[in-house]
Structure formats: structure tokens, C-alpha cells
Amino acid sequence: MKKVRVRFAPSPTGPLHIGGVRTALYNYLFAKKHGGDMLLRIEDTDSARFVSGAEAYIVESFKWLGIKIDEGIGANNEGEFGPYRQSERKTIYKKYVEQLLDAGLAYIAFDTPADLEAKRNEIANFQYDASTRSQMKNSLTLSAEEVLQKKGTEPYVVRIKIETGNDIVVNDIIRGEVKINSSVIDDKVLWKSSDQLPTYHLANIVDDHLMEISHVIRGEEWLPSAPLHVLLYQYLGWADQMPKFAHLPLLLKPEGNGKLSKRDGDKLGFPVFPLEWKDPKTADISSGYRESGYFPEAVVNFLALLGWNPGTEQEMFSMDELINSFSLDRVSKSGAKFDYEKGKWFNHNYLQKESNEVLANLFVDELKEKGISIDLSKLATIIGLVKERTSFISDLWEQTSFFFQVPNVYDEKTVRKRWKEETPGLMNELIILLEGIEDFSSQSTEDIIKAWITDKEHNMGAVMNAFRLSVVGAPKGPHMFDIISILGKEETITRVKKAIDTIKV
RNA sequence: GGUCCCUUCGUCUAUCGGUUAGGACGUCUGGUUUUCAUCCAGGAAAGAGGAGUUCGACUCUCCUAGGGACUACCA
């Protein structure tokens, strides 16, 4: 059996969006599952839409996500099938264009964009195909001399010549047999003289063949042109070596209609890109999963389950586990709406699995920016107390700020509910008690304070809620005694005193 | 408009002719907790509609409806 070789072949027209990431991921999982190679090829045959920085962005995205490129752009060793940028393969394509032309399977067309536009206006549903090409300006309708003369002076394109009335069958791993009649396919442009470059269709087939791609795994948006690609393999004489196709279901917008696209940017309320992207022309910034605080493992895990499932009830998967379980026949056929809430849940789970030390390292910079310096091991202890209530590193500040800052305001609602006339007196008594405690560990303070409450027949809620309000400033946070053991005796007492002085009944 | 693809809880999905149609996210209720959150337990929630095949259909076939993709000298 042929070695498994798959490719991800983006066009560098901007950042990679999340649907593209999933396509790349499935390619990667499939390749690794079968001991094959994952190639990255850049399809930059549209010079007009090229965006600088896009290629580097794509490479960096994969690096962040843990999708390793074995060959091509972004690989450690590019590999022997290069170059891997289509713009650098001009001479290669030219040869096959000539081959098709010589065999009469393609022809030269001189119709200008304006000509075509006029035709489209004139004839409803105009299509450049067997039924219309005789009315157009091409090597089928012009004399050989005319063609030769025009070729020297006018821009032209090469179009595939499609015969009518043949059923073309695409065997798709996910969808089974898809049959389409050649009559409905138009004579697609294969090559343009203006930039000496092929269009996607030709370049893609030539490269996949030359690079010995075994499986083409791509988005469903390519399904309609798959028959054309099959035809092209036949025309080029490579039918018996044609790769297998798998057309993936699309990632859809959460709100009902349409596929997720680059243009959605931040309009949907969540990132559609793996990494933050700054548009080089407009300087617009689109948010990325990395910058939004996602763990790459969570993004990968979440994305993998959008359109594929293992057939078991397992939901948490490391990359290795995904590779192990992945199979194209468990990819679903229908599009998946992107559920951002579930993405958050995945991140929550990954954050819980992360060690306090690692989280402290990720959080410490944010503290520095706020002018707070703290010992990393102490920070790790604090994070250990609050991490289960967070989903993102960025949630940490909200949960820990009171460890670093004395409360300036006291939550109004709580004041009304928990700070009664007798509270200051109660808190003063508590201060005296606190001052006498020598072992200020969580367990020790808990034992002593609870014993005192019982002894004096105080109301547990009345004491503890006021105590929390004094120290934290709000009715939130972890176990009270854990908090004060970290703050220490002095700081705790200072805060209670301040609360007594500040809060007016 | 044409061609192609798709259709199970709000969402992601399991089911490969016989199930009380299962799980997860979200949601609701209760419990734990001195607070908030977490966590735990429980609940509500689905086979688009119609024909057919079959002893039996969510599962197979057809029609209808709905959704989606494509329809460029873009990928």
C-alpha cells in the first residue's frame, strides 16, 4: 500500500480561520494514525490576493497548536518534493498545460473579462462550456494564424475542454459515491498568461500528484469541483494514481446560517482565528484563541470533536489519544455549528489539569503589569485555592485580586444584608481573638474561631459573613480560613479594623 | 435559477432494522458550602413531514420541506 501522505494547502490571503485549523487537524490526525506525513503547501497562485505575513501566521499557528509539519513550508527539512510554494513552481505547471493543449484536452481563450461580463448579461446562467464555446474567442473558433498572432499580443487563458454527457464519479470516503454529469461542469480556466500561473484546479492536481499525496482531506466546499479534479487526473493520465478524497463537513456559525468564515472576525463574539491577527493594510486587529487565554490542547480537543466522534463517551483527548482514535469513517456528514460555550468548558477542564506552578507562571506577568510582585510559590498556593472557579488565566485576577489589594469598597448589597448594628462590636471581639492566635494556619484559625463562636453563642453566619466582607470586600472567594492564613495575622486584623472604620450602618 | 451535499434534544453527537433513543455543553431544580463559584445529584429536552419495503424502521428506498456548499482569469 502507498505511504500515507496528506497535505494542508492554504492560500495565503489572510489568517487561517478555525475551520481551516480543523481541516489541518484532521489531516494531521489521519497522517499520524497511519504513520504517514503531513505536508504544508502554500497555494499562492492568485497574486492579487496575496497577503504578506499570512504564511508565517499559518506556520506559527500550527506550532502553537502542536500540529507538526513533516514536509514543506514550516517543516524542519523542507523535503524533496519542493518547492512548496506554487508561485515557485511556474515552470512545472507550464509543462502540463502544454501537454493538455497538445492532446486537445484544453484550449486557449482570448475572451476578456469584459467580454465574459457582457455574455453573462446577455444570456441568463451563462456558462463557458461545450454549448457556448463556439460563440467565444478561442482556439476552437479562430484560425491557427489568428491564435498565433493573438498569443503574441493579447493576454489569454487556457481552459479545460469538457465533453458533455459523461457521468463522473467521485468516490468520497465520507460521502460515498457522488455522481455528476460532465454537462454541468464548465470549461474552467486552468492557466492564465497574465501572471504565467495556473489556477487552483490545475496547480492542485499537478502538485498532489507530483508530491505523491495519497489522501485529499479538505472542506466540503470543494465537493462541487471534485468531479473536475477527477477529470483532470484522467486528462493528465494519472487516473490510476489518483488520491482518495474525503470532504469534511463545514463549521457553521452558531446563529443558524452559513459557514464560519474569515470575515466573521470578532462579530460573533468569539475568536475565529487561532492567533491574534493584525491586518497589514487596515491595521484592524482580530482576536485569537491564544491571546484569549485558551490552551492549545483545549482548542485541539474541542475542534476534533466538531464533526468527529470516537464512538465512545470519552470527551477529553490529548493529541496522542486523538491520533490513536481518529478515523475518517467516524466523521459526520452534516455541518457542525460552532458552540463557543463548549469551547470554554474544554478550556476549564484543561486549566484544572494544569499544575498550580505552571498557572502561576502564566499569571505572574499580568500581576507585574499591575505593579504587583509576588513569590511564585506563594502565588501557586493562591491559585490552588481559586483555580477550580476559573476557565481562563484571565479569570484569575477577578478571583485573586483581594489577596493583593485591600478592599476599597464593600459590596453594597452584602453590607445591607450582613453588616448590622452589632457587627462592629462583634468584629472588635474577633480582632482581640485573632491577636491571641499564634498558629495562624488555616486549620488552627478555623478551630479557634469556630470554638469561640460556639462558646460565645454567636451566630456563625453573622460572624463569618461580616468577617468575609471585611477581608474580601465581597461575598465571594474560597474558604475563609485559607484566605487569612495566606494574608497573615497582621494583614487580616488591619483589614477588619479598616472595615469597622469604613462601613457605616 | 442550476448542480451537488446534508437533516436525532437549543448545540455537538451515539444508535450501523427490534433500545425506557444514550452521553456531553447549555438550561432548570435540589444538595454540599459561613459567601460566590466549583462540585455532586436529579429534571426538562430529539428522530422535519409524507409514502413505501419489512413481522418490525431513527436506521433502507422514494417524494416533499428545510438547511448548506458551489456556480470567477479566488482558493
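Please read all numbers here as calculations on a predicted model, not as lab measurements. Protein chains get the first letters and strands the later ones, always in sequence-line order, with residue 1 at the start of each.
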Counting only distance, no hydrogens or angles, is the base of [N] paired donor-acceptor with the side chain of [X] under 3.5 Å?
X	N	value
A:Arg49	B:C74	yes
A:Arg175	B:C6	no
A:Lys342	B:A24	yes
A:Arg389	B:U38	no

Give me the distance, rounded to whole Å, that separates [N] from [M] when you measure between the [atom1] atoms they each carry.
N	M	atom1	answer
B:C63	B:U3	P	13 Å
B:G2	B:U64	P	12 Å
B:C9	B:A24	C1'	12 Å
B:U61	B:U53	C1'	7 Å
B:C12	B:G52	P	32 Å

Which part of the nucleic acid, if any, lies within reach of [X] when heavy atoms closer than 4.0 Å are counted: base, sugar-phosphate only, or nothing?
X	answer
A:Gly307	sugar-phosphate
A:Arg218	nothing
A:Asp111	base
A:Pro478	base
A:His247	nothing
A:Asn125	base
A:Lys259	sugar-phosphate
A:Thr390	nothing
A:Val189	sugar-phosphate

Pair [X] + [Y], salt bridge at N-O below 4.0 Å:
X	Y	result
A:Glu43	A:Arg7	no
A:Lys137	A:Glu154	no
A:Arg85	A:Glu55	yes
A:Asp46	A:Arg49	yes

Take atom CG of A:Leu305 and atom P of B:A24, then tell me their distance rounded to the nearest Å.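 Computing the A:Leu305:CG to B:A24:P distance gives 13 Å.
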What verdict does the side-chain hydrogen bond (donor to acceptor under 3.5 Å, both in side chains) test give for A:Lys262 and A:Thr13, after you've listed the backbone C-alpha separation in whole Å, the side-chain angles of each residue and the deciding distance to 0.1 Å? CA-CA 10 Å; A:Lys262 288 183 188 180; A:Thr13 55; 3.1 Å; yes
Please check if the side chain of A:Asp339 supplies one atom and the backbone of A:Pro254 the other of a donor-acceptor pair under 3.5 Å.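 It does not hold such a pair.
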Check for a donor-acceptor pair, side chain of A:Arg89 on one end and backbone N or O of A:Pro83 on the other, with a separation under 3.5 Å.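 At least one qualifying donor-acceptor pair exists.
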Sort out the partner of B:A14 for me: Watson-Crick or G-U wobble, both distances under 3.5 Å, none otherwise.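 Because no pair has both required distances under 3.5 Å, B:A14 counts as unpaired.
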Would you mind pulling out the nucleotide paired to B:C39, Watson-Crick or G-U wobble, both distances under 3.5 Å?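 In the structure as shown, B:C39 has B:G31 as its Watson-Crick or wobble partner.
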Looking at [X], I'd like to know whether one of its side-chain N or O atoms comes within less than 4.0 Å of OP1 or OP2 on [N].
X	N	value
A:Asn309	B:A14	yes
A:Thr45	B:A75	yes
A:Arg159	B:C73	yes

More than 12 heavy atoms of other residues, nucleotides or ligands under 6.0 Å from NZ of A:Lys333: is that the case?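 Incorrect, the count does not exceed 12.
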Of A:Lys179 and A:Trp222, whose closest RNA chain B nucleotide lies nearer the 5' terminus?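 It is A:Lys179, whose closest nucleotide lies nearer the 5' terminus.
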Toward the 5' end of RNA chain B, which comes first, A:Trp345 or A:Lys333, by nearest nucleotide?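 Result of the comparison: A:Lys333.
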With a 6.0 Å cut-off on ring centres, are A:Tyr340 and A:Phe270 close enough?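 Ring centres of A:Phe270 and A:Tyr340 closer than 6.0 Å.
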Under 6.0 Å between ring centres, would you say that holds for A:Tyr294 and A:Phe302?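 For A:Tyr294 and A:Phe302, the ring centres are not under 6.0 Å apart.
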Return the residues of residues 11-24 of chain A meeting this criterion: a heavy atom under 4.0 Å from some atom of RNA chain B. Order them by number, or give none.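 Those residues are A:Ser11.
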Would you tabulate the pairs of protein nitrogen or oxygen atoms and nucleotide nitrogen or oxygen atoms of nucleotides 61-66 of chain B closer than 3.5 angstrom?
none

What side-chain hydrogen bond (donor to acceptor under 3.5 Å, both in side chains) pairs are there with at least one residue in residues 304-314 of chain A, not counting sequence neighbours?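 Counting only pairs at least two positions apart or across chains, the side-chain hydrogen bond (donor to acceptor under 3.5 Å, both in side chains) contacts touching residues 304-314 of chain A are A:Asn309-A:Arg330.
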